[in-house]
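Only one structure is covered here, and it is reproduced in the block below.
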Amino acid sequence: NGGAVDPKNLKVKLVLLGDSGVGKSCIVLRFVRGQFDPTSKVTVGASFLSQTIALQDSTTVKFEIWDTAGQERYAALAPLYYRGAAVAVVVYDITSPESFAKAQYWVKELQKHGSPDIVMALVGNKADLHEKREVTTQDGNDCAEKNGMFFIETSAKTADNINQLFEEIAKRLPRPSA
Ligand code: GDP
Ligand code: MG
């Protein structure tokens, strides 16, 4: 369409960042396919998945979701991965303080090198693992607030807050004027 931006039908690049094993791929598959498979070694690979949601004001948002594993192993490649992203979802595992520390590292990286108007969400995943929790909701909230991010705790396993995560992101996107 010649690059014209339709303000009623947004298309946005979304990247996921965070330690290996925190559940990034499971969050994506829960959102896009409504599934959780604890046994499969999920690899979305070089391609991306997309999912469109409709908001109350009749706008639609098509998320083009990039979920590559490369950024976990090669931090130097990460800027290539999140270049041009409108949304960055930084994920940690509420049972892993190490993954929470790594999430804070990614937030700093995005602030330094991401698009200035990027929408960032901080996600504490595996919220179903109550007994193993080591990162409090308060800690997650404080970190997000300090960095002007949206915060939510999710479970890809039970589907808790997965749709809410993407809906809240959609609401926070800057709207191009018609
Ligand atoms: P990624 O490396 O960040 O993409 O993590 P994966 O999506 O591959 O998930 C890593 C492991 O965590 C898998 O064994 C999943 O079954 C498990 N997992 C992912 N999300 C959840 C969750 O919300 N709750 C629980 N209990 N396990 C999860
Ligand atoms: Mg993965």
Side-chain angles (χ1 to χ4, degrees), residues 12-51 53 63-110 113-114 118-141 143-144 147 149-170:
V12 297
K13 174 179 172 181
L14 179 151
V15 297
L16 292 112
L17 293 163
D19 261 353
S20 178
V22 297
K24 299 182 298 298
S25 298
C26 287
I27 288 171
V28 173
L29 289 185
R30 172 59 83 182
F31 174 55
V32 174
R33 299 199 186 133
Q35 296 170 347
F36 179 78
D37 182 347
T39 58
S40 80
K41 191 71 214 123
V42 177
T43 310
V44 176
S47 67
F48 58 81
L49 291 172
S50 70
Q51 176 73 306
I53 63 173
F63 289 109
E64 295 180 341
I65 304 171
W66 294 46
D67 173 41
T68 63
Q71 49 87 16
E72 295 157 347
R73 272 169 275 152
Y74 309 105
L77 292 181
L80 295 175
Y81 171 69
Y82 56 71
R83 174 187 295 164
V87 181
V89 176
V90 179
V91 184
Y92 65 92
D93 168 351
I94 65 149
T95 73
S96 162
E98 296 75 24
S99 76
F100 185 55
K102 195 59 183 285
Q104 293 171 68
Y105 161 84
W106 284 119
V107 171
K108 289 204 185 70
E109 284 294 299
L110 287 162
H113 305 298
I118 195 165
V119 173
M120 294 197 289
L122 182 66
V123 175
N125 190 43
K126 307 198 187 182
D128 56 286
L129 299 177
H130 312 283
E131 272 110 64
K132 293 186 178 171
R133 178 190 284 273
E134 291 199 34
V135 182
T136 66
T137 302
Q138 184 73 55
D139 285 343
N141 228 330
C143 173
N147 292 292
M149 305 168 79
F150 169 66
F151 173 66
I152 196 165
E153 289 186 339
T154 61
S155 169
K157 184 174 181 178
T158 66
D160 201 35
N161 275 347
I162 297 293
N163 287 337
Q164 286 83 346
L165 164 63
F166 291 90
E167 279 163 20
E168 290 299 327
I169 288 168

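The chain is numbered in sequence order, starting from 1. Numbering of ligands and ligand atoms starts at 1, following listing order. Note that the structure is a prediction, hence the values are computed from the model and not measured.
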Donor-acceptor contact present, side-chain Asn161 to main-chain Glu153, <3.5 Å: yes

N/O donor-acceptor pair under 3.5 Å between Arg33 side chain and Gln35 backbone: no

Parallel, tilted or perpendicular, as decided by the 30° and 60° cut-offs, for the rings of Trp66 and Tyr81: perpendicular

Parallel, tilted or perpendicular: rings of Phe31 and Phe166 (30°, 60°): parallel

Metal check, the Mg ion (ligand 2) vs Ser20 N/O/S, cut-off below 2.8 Å: no

Contact atoms of ligand 1, heavy-atom distance to [X] under 4.0 Å:
{"X": "Lys24", "answer": "1 (P), 2 (O), 3 (O), 4 (O), 5 (O), 7 (O)"}
{"X": "Ser20", "answer": "2 (O)"}
{"X": "Asp19", "answer": "3 (O)"}

Part of Leu129 with heavy atoms under 4.0 Å of ligand 1, whether side chain, backbone, both or neither: side chain

Lys126 bridged to Asp93 by N-O distance under 4.0 Å: yes

Salt bridge flag under 4.0 Å for residues Glu109 and Lys102: no

Can you confirm, on distance only, whether ligand 1 has an N/O atom lying under 3.5 Å from any N/O atom belonging to [X]?
{"X": "Cys26", "result": "yes"}
{"X": "Ala156", "result": "yes"}
{"X": "Asp67", "result": "no"}
{"X": "Asn125", "result": "yes"}
{"X": "Asp128", "result": "yes"}

Val89 side chain reached by Val15 side chain, heavy atoms, under 4.5 Å: no

More than 12 heavy atoms of other groups within 6.0 Å of Lys157 NZ: no

Sub-4.0 Å heavy-atom approach of Thr158 to ligand 1: no

Option of least heavy-atom distance to atom 10 (C) of ligand 1 (set: Ser155, Ser25, Ala127, Gly21): Gly21

